[in-house]
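Read through the structure below, which is laid out as structure tokens, and then see the notes.
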Amino acid sequence: MKKRTGIIVVLALLLAAMAWAAFAPLHAGSRDLLFEIPKGTWERRMKGDKTSILPEHVTLTLGVRDVLLLRNSDTVPQMFGPVLIMPGQDFRLPFGQAGEHPFDCTAHASGRMTVLVIDAPAAGLPRLKWRLHSLMTT
């Protein structure tokens, strides 16, 4: 009897947590998603190293993480789109609309970085899926 009651309590708690995750508003301590260009990136690229320093595709969510923050910790300037990011400098790029945004980027072996900005998920199953995906990828 106690074992059955314990299982019911655990299931009820799990269902309550899932309901909260599906319907609670999205809040973010920071709207920035930081990517750092490490020291030596340019040197490695000039030697032919094709190792990925930054992801080629970044996904941001409006209202939660809708600002891309690039930090140039390298010793040489880096280009991101039309912007020159000097050594030690941060570049913040806010997004206010959903869509796919390609940028030229000297920190990539391919020379490109694409930022996909998605709408904040609606309450219910879409928000629950978004939260679960966020937990799995962080």
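C105 and M113 make their closest contact through CB-CB, 4.2 Å (heavy atoms, listed as atom of the first residue, atom of the second, distance). Contact detail for H101 and Q97: the closest heavy-atom pair is NE2-O, 3.8 Å. Minimum interatomic distance between E36 and P38 (heavy atoms only, all atoms of both residues): O-CD, 3.2 Å. Shortest non-hydrogen contact noted between P102 and R112 is CB-NH2, 3.0 Å.
Of the possible polar contacts, none joining the H57 side chain to the V115 backbone as a donor-acceptor pair under 3.5 Å is found. When atom types are taken as modelled, the side chain of H133 and the backbone of L128 share no donor-acceptor pair closer than 3.5 angstrom. A donor-acceptor pair under 3.5 Å is absent between the side-chain atoms of R92 and the main chain of L69, judged by distance alone.
Hydrophobic cluster membership differs between V67 and L93, with clusters built from Ile, Leu, Val, Met, Phe, Trp and Tyr side chains linked at under 4.5 angstrom. Both V64 and I118 are members of a single hydrophobic cluster when ILVMFWY side chains are connected at heavy-atom separations under 4.5 Å. Linking Ile, Leu, Val, Met, Phe, Trp and Tyr residues whenever their side-chain heavy atoms come within less than 4.5 Å places M46 and V76 in a single cluster. Criterion: ILVMFWY side-chain heavy atoms under 4.5 Å apart, direct or through other members. Under it, F91 and L33 are part of a common hydrophobic cluster. Residues V83 and V58 are members of one and the same hydrophobic cluster, defined by side-chain heavy-atom contacts under 4.5 angstrom among Ile, Leu, Val, Met, Phe, Trp and Tyr.
Relative ring orientation between F103 and F95 is described as perpendicular, the plane-to-plane angle rising above 60° on a 0-90° scale split at 30° and 60°.
In this structure the side chain of F35 reaches within 4.5 angstrom of the side chain of L68, judged on heavy atoms. Using a 4.5 Å cut-off on side-chain heavy atoms (C-beta onward), L60 and L116 make no contact.
In this structure, the separation between CG on D119 and OG1 on T61 is 9.0 Å, given to the nearest 0.5 Å. Atom NE2 of H108 sits about 5.5 Å away from atom CD of E56, to the nearest 0.5 Å. Note that CG of D32 and CG of D90 are 9.0 Å apart. Values are rounded to the nearest 0.5 Å. The CZ atom of F80 lies 12.5 Å from the CG atom of N72; values are rounded to the nearest 0.5 Å. Atom CD1 in I37 sits 8.0 Å away from atom OG in S73 (nearest 0.5 Å). Note: Q89 CD to R71 CZ = 11.5 Å, rounded to the nearest 0.5 Å.
Salt bridge status for D74 with K39: absent, with no side-chain N to carboxylate O gap under 4.0 Å.
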